[in-house]
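A, B, ... follow the sequence lines: proteins, then strands. Residue 1 opens every chain.
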Protein chains: 2
Amino acid sequence: EGGAVTGISHDFNDAQLTVYNIKDQFGQAANILSALSKTQINKDMIIQPVSNDDGITRMTISVPKQDADRAQKALSTLGYDHVEVDTDIVKISAIGSGMKTDHTVSATFLQVLANNEINTRAIATSEIKISVIVRADHAETALTKLHSAFGLDRK
Amino acid sequence: EGGAVTGISHDFNDAQLTVYNIKDQFGQAANILSALSKTQINKDMIIQPVSNDDGITRMTISVPKQDADRAQKALSTLGYDHVEVDTDIVKISAIGSGMKTDHTVSATFLQVLANNEINTRAIATSEIKISVIVRADHAETALTKLHSAFGLDRK
Ligand SMILES: C[C@@H](O)[C@H](N)C(=O)O
Ligand SMILES: C[C@@H](O)[C@H](N)C(=O)O
């Protein structure tokens, strides 16, 4: 008898780039992602929300830590010069096909972090997965409490 | 012989809520998601990037169109009164296990949209999936061009 969540994973390998002041006009996202591809930088977890009334948005992108500076330079060359790099982070994810039908999982996941005063720097979810970025030194507490909340043994 | 992308899908069922002016402090995301759970509103595709220097961020959330007004009210009750609702949209996704190793897929996907002057309102990716939100009337062009770009037959 399984819960909606079947596994909790974590990843210390990536840094997060956040590209600020992106004009919400076609081609902008393509420029950014193509610049990273051209420099052969692997990217994951692209998070870009809707823009504000000024037509400005931002994008958070995960890249391998060793590529973060190179990525920042590539974007600066293109004119995206407000780019922040965050390396002191960990990505924590919960996954499970049960999440398709149990829509409370993301609320529970985030509440566990909130109860432990852990700030979520970024969030991305899909039908069967929720991933958050938190400070690296919160990993241990987050993983322990999340396993417990979802009834999983921590291996 | 397959490409990195094995399928392109689309979904007209959801509206997008964007919650602006979220303080980047623990508990905020949990409040928002719990409010939606309490009103039994299904949520998908939660997109929240890193905050700016003012410690302010935003969150884009997909909810069924019929629940959008109710969601907006629930959030307003909690004090999140800058919430925009967008219903004239479609979610388009590309999926494929080949995306784990082919890191150019997101750039290609976005370039196809850019070449057709289609603005991406929001973007979320994971290891094996890229999803974008575009205006509903761009769906036909986007689906045709994306199938073609990734060598897929449009069924
Ligand atoms: C912000 C960025 O995604 C822009 N809307 C684009 O289409 O490229
Ligand atoms: C912005 C929001 O995610 C906040 N950082 C929280 O932890 O709830």
Look at [options] and state which one has the largest set of heavy-atom pairs under 4.5 Å with chain A.
options	value
Leu33(B), Thr18(B), Asn42(B), Thr60(B)	Asn42(B)
Asp24(B), Leu36(B), Thr120(B)	Asp24(B)
Ser62(B), Gly27(B), Ser106(B)	Ser106(B)
Asn119(B), Leu110(B), Val112(B)	Asn119(B)

- Item | Phe26(B) vs Ile118(A) side-chain heavy atoms within contact, under 4.5 Å | no

- Hey, is the main chain of Ile128(B) close enough, under 3.5 Å, to the side chain of Ser97(B) for a donor-acceptor pair?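 No: the side chain of Ser97(B) does not pair with the backbone of Ile128(B).
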
- Counting N and O atoms only, with roles assigned by atom type, does the side chain of Ser76(B) sit under 3.5 Å from a partner on the main chain of Gln72(B), one being a donor and the other an acceptor? no

- Item | Closest non-hydrogen atom pair between Val5(B) and Leu152(B), with its separation |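 Closest heavy-atom pair between Val5(B) and Leu152(B): O-CD2, 3.8 Å.
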
- Heavy atoms only: give me the nearest Ile89(B)-Phe12(B) pair and the separation to one decimal.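 That would be O-CD2, 3.9 Å.
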
- Heavy atoms only, distances under 4.5 angstrom: which of Glu117(A), Gln16(A), Lys38(A), Gln25(A) has the most pairs with chain B? Name it, please.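 Of the candidates given, the most pairs with chain B belong to Glu117(A).
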
- List for me each residue that meets side chain to side chain donor-acceptor pair (under 3.5 Å) alongside Thr108(A), sequence neighbours excluded, and say none if there are none.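 Testing Thr108(A) for side chain to side chain donor-acceptor pair (under 3.5 Å), a comparison that skips the adjacent residues, returns none.
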
Between [X] and chain A, with a heavy-atom cut-off of 4.5 Å, which part of the residue counts as in contact: side chain, backbone, both or neither?
X	result
Met99(B)	neither
Thr57(B)	both
Ser37(B)	side chain
Ser126(B)	backbone

- For Asn115(A) and Gln111(A), test the side chains for any donor-to-acceptor distance below 3.5 angstrom and give the result as yes or no.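 On atom types as modelled, these side chains qualify, holding a pair under 3.5 Å.
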
- Item | Exercise: do Glu84(A) and His82(A) side chains pair donor with acceptor under 3.5 Å |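 There is such a pair between these side chains.
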
- Query: Does a sphere of radius 6.0 Å around NZ in Lys65(A) hold more than 12 heavy atoms from other residues, nucleotides or ligands, not counting ones at 6.0 Å or beyond?
  - Reply: yes

- Task: Kindly determine whether Asn31(A) and Tyr80(A) satisfy side-chain contact (heavy atoms from CB on, under 4.5 Å), including the steps that lead there.
- Result: CA-CA 10 Å; Asn31(A) 285 353; Tyr80(A) 298 101; 3.7 Å; yes

- Message: Strictly less than 4.5 Å between heavy atoms, which residues of residues 43-52 of chain A line up against chain B? Please order them by number.
- Response: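 Expected list: Lys43(A), Asp44(A), Met45(A), Ile46(A), Ile47(A), Gln48(A), Pro49(A), Val50(A), Ser51(A), Asn52(A).
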
